[in-house]
Amino acid sequence: MHNKLIELSKTELSTSSWQKATIIGSVWGAFEIVAGSILHNFAIPTVAGIVLSALGVFVMVSGARVFGGKGIFWRSALVCAALKTVSPSPVILSPMIGITLEGFLMEFGVLALGQNIAGFILGGGLALLSVLGFKLVRLIMIYGSDIVTAYQSVFTLSFSDNFLQSNGYLLPILLLTLFFVAIGAMAAYSGYFGGNTIKERFEGQSIMLLPTDNSYKPKVVHGYKGGIGFLLFHIIWLTVFVTLKGIIPTYYWLWGGVIYILLSVFRYGRIRKLISRPTFWIVILSVSLISTFFIQIGKNGSLTFNQDFLIYSFTIFLRATVVIIAFACINIELKSKGVSRHFQNSMFTPLANSYAQAHEALPSLISTFKQERHRILKPLPIVELMYSHFTNSNQTNQQHIFIISAERMGGKTTFMMKVIELLKNSGIEFNGFVAEGLVDESGKRIGFNLLNVKTNSSIPLCDKVSTQWEQYGSYFFNPKAVEEGNRILSETKENEIVFIDEIGIFELEGKLWANAFTKLLSKSNNQLVMSVRKDFLKPISDKWNLSNPKVIDVNRTNPTELVLLLTAENE
């Protein structure tokens, strides 16, 4: 990503709300994808939705404080919603609608009270309230107004007081409303002051973005062709089906639903897979029977298992089945090639360009988040690190940077080890690590160990067989070694020479040592000695604004010469 970045001044950035939306939306999208997968693993969807929405508000408000501008909330929401199409989850329609609603309600709050803390708090409260509202609307859409009648019947049966019988059902809704608004307000409040902190730390840095390409063509990895016609058919059919309930004879309405289910099953393999799961039918059937039970008790005061009970239950059951399958079909079409092609329409050019930029940035942002995922409930450091992907410091202490350079397997690590050995008797303190290469009997590279140059202790870093570790490229990396390497870089003393072997493609993608290296550049005056392959010299220099590092070619320089340079700088 970073070798394609262009630098934008604050003035240029202020002229494009879509460019700001690219930054905020891509960071928000990374939270949705990574945090979403973590939270949904706990199998508590409602809690996951609340946490993700609160994190979305935090990202939006902090981004507004860092970058400023008008109209960035709804734009960043559209960018984030568009990124859901690359999410591994098969369910994308509901999150896309929910994210878009959050952005527009956030925008409404700011329009009502201004771009100040009051406006952000109002917008945050409304954004979180949309989570509750959307869930209620979705339930009613799936099960119809019968679910509301069943809910009211619960309170009619539970209370003897006439007022509570008539209005008691509103109390839980009111309490939930206050709860969601309070969560949103707190997220906005935290984002406001967190954004101010990030803005102060970014002072003096330029904003970097991928260049806009007006000839953008979406990258579609899915094989299903689909088309806008199929998408519109499912949307129109769903609308008509839900609307016609109670208007046309029940017999025709039921048969229309059955025919739609059969057509969907015939066309889509994913629908066949969906309905093959017993839990799909168990949940719908359970809700249908329980709803009918409470409705009949509420209306008649007693329960009778007769033909009317069965017809009523089947009506709710069929409606829920049709609506859920229609949503699934819309999800499939949204990810299809045919629908993606419509992003090339000039009407969608600004969103398409922002999506392309955000899509390019997403892998690096996701990698950063994965390394910092233990901080998910304290998101400020993660957000700052992600925003730093779009900044370029002009304050790097470049006179302290030495780059040992060679081709791949050209002796960079060996050269660095000789320098370290020569420094051991100099009295100069040093820290860092080198990646010791491991080879098999035939001389083929099979992995690396991470050697702590200060303590001389080592730990397996990566190999090609430990599939339980995290894979980067052709190697599987030991999470404990990655954590140890980042710890070493973060705990270096001010007067130590720091060795890093090496900075390369993974760091350009925001992986391995990228975050710790960025912090080291911005916070310390340490002398840095790092190894870099020749073909990565320019991309790394561009990424970290290393305009004049001292490049040491291992084929033209003796280790003693570098030691003399290092000791001269320490005097």
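- The backbone N or O of I23 sits less than 3.5 Å from a side-chain atom of S26, completing a donor-acceptor pair.
- Note on ring orientation: taking the six-membered ring where Trp is involved, the planes of W513 and F433 are tilted (angle from 30° to 60°).
- Between F31 and V383 the shortest side-chain heavy-atom distance falls below 4.5 Å.
- Classification of K418 and E421 as a salt-bridged pair fails, no side-chain N sitting under 4.0 Å from a carboxylate O.
- The shortest distance between side-chain heavy atoms of V419 and F415 falls below 4.5 Å.
- Aromatic rings from W469 and Y475 are positioned such that their centres are separated by 6.0 Å or more.
- Side-chain contact between F477 and L461 is present, with heavy atoms from C-beta onward closer than 4.5 Å.
- When side chains are defined from C-beta on, S53 counts as touching V131, because their heavy atoms get closer than 4.5 Å.
- Among all heavy-atom pairs drawn from F179 and I50, the shortest one is CE2-CD1, 4.0 Å.
- E107 contributes a side-chain N or O that, together with a main-chain N or O of W74, makes up a donor-acceptor pair within less than 3.5 Å.
- Of all non-hydrogen atoms in M60 and S76, the two that sit nearest each other are CG-OG, 4.2 Å.
- Note: F67 and Y387 meet the aromatic proximity criterion, with ring centroids under 6.0 Å apart.
- At least one donor-acceptor pair under 3.5 Å links the side chain of R75 to the backbone N or O of G71.
- A donor-acceptor contact shorter than 3.5 Å is absent between the side chain of S190 and the backbone of A187.
- Under the 30°/60° scheme for interplanar angles, the aromatic rings of F120 and Y192 are found to be tilted.
- For the pair Q471 (side chain) and G473 (backbone), a donor-acceptor distance under 3.5 Å is present.
- Looking at E436 and T413, their side chains never bring a donor and an acceptor atom within 3.5 Å of each other.
- The existence of a salt bridge linking D440 and R445 is excluded, since no basic side-chain nitrogen approaches an acidic carboxylate oxygen closer than 4.0 Å.
- Here the side chain of N449 pairs no donor or acceptor atom with the backbone of L451 at under 3.5 angstrom.
- The 12-atom threshold is exceeded at CZ of F506, counting heavy atoms of other residues, nucleotides or ligands nearer than 6.0 Å.
- Other residues, nucleotides and ligands contribute over 12 non-hydrogen atoms within 6.0 Å of the CD atom of E561.
- Inter-residue side-chain proximity for E429 and I497 is flagged as unmet; no heavy-atom pair is nearer than 4.5 Å.
- Salt-bridge check for E496 with K493: failed, with every basic side-chain N at 4.0 Å or more from each acidic carboxylate O.
- Between the side chains of D501 and S531, at least one donor N or O sits under 3.5 Å from an acceptor N or O.
- At least one side-chain heavy atom of K424 sits less than 4.5 Å from a side-chain heavy atom of F430.
- Side-chain atoms of S466 never come within 3.5 Å of backbone atoms of D463 as a donor-acceptor pair (strictly under, hydrogens ignored).
- Judged by distance alone, the side chain of T557 and the main-chain N or O of V554 form no donor-acceptor pair under 3.5 Å.
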